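Everything on this sheet refers to the single structure shown next.
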Amino acid sequence: MNLTNYHSHCSFCDGKAPMEDFVKSAVEAGFTAYGISSHAPLPFDTCWTLKAEKVADYLQEIERLKQKYAGQIELYAGLEIDYLNERQNPAMSYFQELPLDYRIGSVHLIYTEGGEIIDTDTGLENFRDLLAKYFRGNLRKMVTCYFTAAMQMVEEGGFDFVGHADKISYNASMCDPSIYEQEWFVRMLREYFSLIAEKNIMVEINTKAYEAKGCFFPDVRHFTYLRELKIPVLVNSDAHRPNLINAGRPEALKALLKAGYCSVRQLEKGQWTDVPIVL
Ligand SMILES: [Zn+2]
Ligand SMILES: [Zn+2]
């Protein structure tokens, strides 16, 4: 039944409950595998990342839960690692040397032309303010900054799958609903997904916003193209609350079947494996 999830948060970062509560929910829902992936530390303080000095505790807690729930569910240690720049990204040796089962590469933060770092993964009102303040309303410029960073991240590698590959698109489409049809946007997205295919990286279908906003990341419009490129996909809820670990999963699997996918990737005994989609 493809009851798995490899993108999740907990109180070690910005998740709203202790790690074990998520694991209990996963066991109760009949999940066969569950990966914990707190936001990795950044070189500055934020209210949403795991603190660098807490990384050892984080890994130890996952290890404790792996042992406690052995035989009930396969648990995996991951991190959602931000691409910030050439020095701070998933490929850096610090993250490569951590004893993780897998790594997620995500872009939330981008540099403005003036060199400030802004968070594009934000509410629509704040997004509009950032667009006006740092890009003088030039949406194309702001969106291009996001995908340029995402492509640099894919070039550098060091991670298993791209987290919410086109996250900025939802806010951008609220500012300009025609964006999905604009030639420059279509071309850039095709270039981005082609690069992902070339580098043999997986893409998650992130269902976090499905219930509230009715969309996946990447957007369902791209699924057929991902399939054409033979990019392996996995379905993840990016849950920040234990009751949402399964949100949007059946809908995403249905949309994948419609786009021609027959299987999704799942970690089985530590190996990424193609598993048929079963609804
Ligand atoms: Zn994220
Ligand atoms: Zn996340």
Side-chain angles (χ1 to χ4, degrees), residues 4-19 21-23 25-26 34-42 44 46-51 54-55 58 62 76-84 88-90 95 100-110 117-124 126-127 130 143 145-147 149-154 158-172 192 196 201-213 215-219 233-249 252 267:
T4 64
N5 176 39
Y6 306 97
H7 187 159
S8 74
H9 298 276
C10 63
S11 48
F12 273 94
C13 55
D14 61 347
K16 307 299 178 207
M19 194 188 286
D21 290 6
F22 289 85
V23 173
S25 278
Y34 193 81
I36 295 128
S37 62
S38 274
H39 290 286
L42 280 163
F44 42 80
T46 77
C47 58
W48 48 278
T49 48
L50 171 64
K51 302 274 168 284
K54 290 277 181 198
V55 170
Y58 171 77
I62 298 176
Y76 292 101
L79 274 181
E80 182 181 11
I81 307 169
D82 264 80
Y83 182 88
L84 187 64
Q88 180 73 32
N89 58 53
F95 293 124
L100 296 165
D101 297 311
Y102 67 95
R103 293 159 188 82
I104 310 174
S106 291
V107 175
H108 307 94
L109 309 173
I110 59 170
I117 295 167
I118 58 165
D119 189 351
T120 62
D121 192 7
T122 181
L124 185 55
N126 189 36
F127 184 85
L130 295 171
V143 170
C145 277
Y146 175 92
F147 285 105
M151 280 188 257
Q152 281 164 355
M153 175 178 85
V154 173
F159 58 95
D160 297 69
F161 62 89
V162 185
H164 44 66
D166 64 345
K167 192 75 189 260
I168 199 170
S169 300
Y170 176 79
N171 275 340
Y192 173 43
I196 290 172
I201 292 170
M202 300 182 282
V203 164
E204 73 166 1
I205 307 302
N206 184 301
T207 65
K208 184 186 172 192
Y210 186 77
E211 282 190 359
K213 296 168 182 164
C215 63
F216 304 117
F217 302 107
D219 190 90
V233 291
L234 56 159
V235 174
N236 290 325
S237 62
D238 195 359
H240 287 63
R241 295 177 194 278
N243 62 330
L244 293 176
I245 57 164
N246 205 12
R249 195 186 53 83
L267 266 177

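Just so you know, ligand 1 is whichever comes first in the structure, and atom 1 is the first atom listed for that ligand. The chain is numbered in sequence order, starting from 1. No experiment lies behind these values; they were computed from the predicted model shown.
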### Task
Using the Zn ion (ligand 1) as the apex, give the angle to atoms NE2 (H108) and NE2 (H164), rounded to 10 degrees.
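Between NE2 of H108 and NE2 of H164, at the Zn ion (ligand 1), the angle is about 100°.
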### Evaluation steps, side-chain contact (heavy atoms from CB on, under 4.5 Å), between F95 and Q88
CA-CA 10 Å; F95 293 124; Q88 180 73 32; 3.8 Å; yes
### Y102 side chain vs Y6 backbone, donor-acceptor pair below 3.5 Å
yes
### Query
Between S11 (side chain) and K16 (backbone), is there a donor-acceptor pair under 3.5 Å?
no
### Considering only N, O or S atoms of E80, the one closest to the Zn ion (ligand 1)
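Relative to the Zn ion (ligand 1), the closest nitrogen, oxygen or sulfur of E80 carries the name OE2.
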### Query
Any N/O/S of H7 under 2.8 Å from the Zn ion (ligand 1)?
no
### Task
State whether H39 contributes an N/O/S atom found under 2.8 Å from the Zn ion (ligand 1).
no
### Task
Enter the distance from L109:CG to T120:OG1 here, rounded to the nearest 0.5 Å.
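Atom-to-atom, L109:CG and T120:OG1 are 7.0 Å apart.
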### Query
About how many Å separate NE2 of H164 and CG of D238, when rounded to the nearest 0.5 Å?
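One gets 5.5 Å once the value is rounded to the nearest 0.5 Å.
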### Task
Specify which N/O/S atom of D238 comes nearest to the Zn ion (ligand 2), by atom name.
OD1
### N, O or S from H9 under 2.8 Å to the Zn ion (ligand 2)
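Yes - counting backbone and side chain alike, H9 has an N, O or S atom under 2.8 Å.
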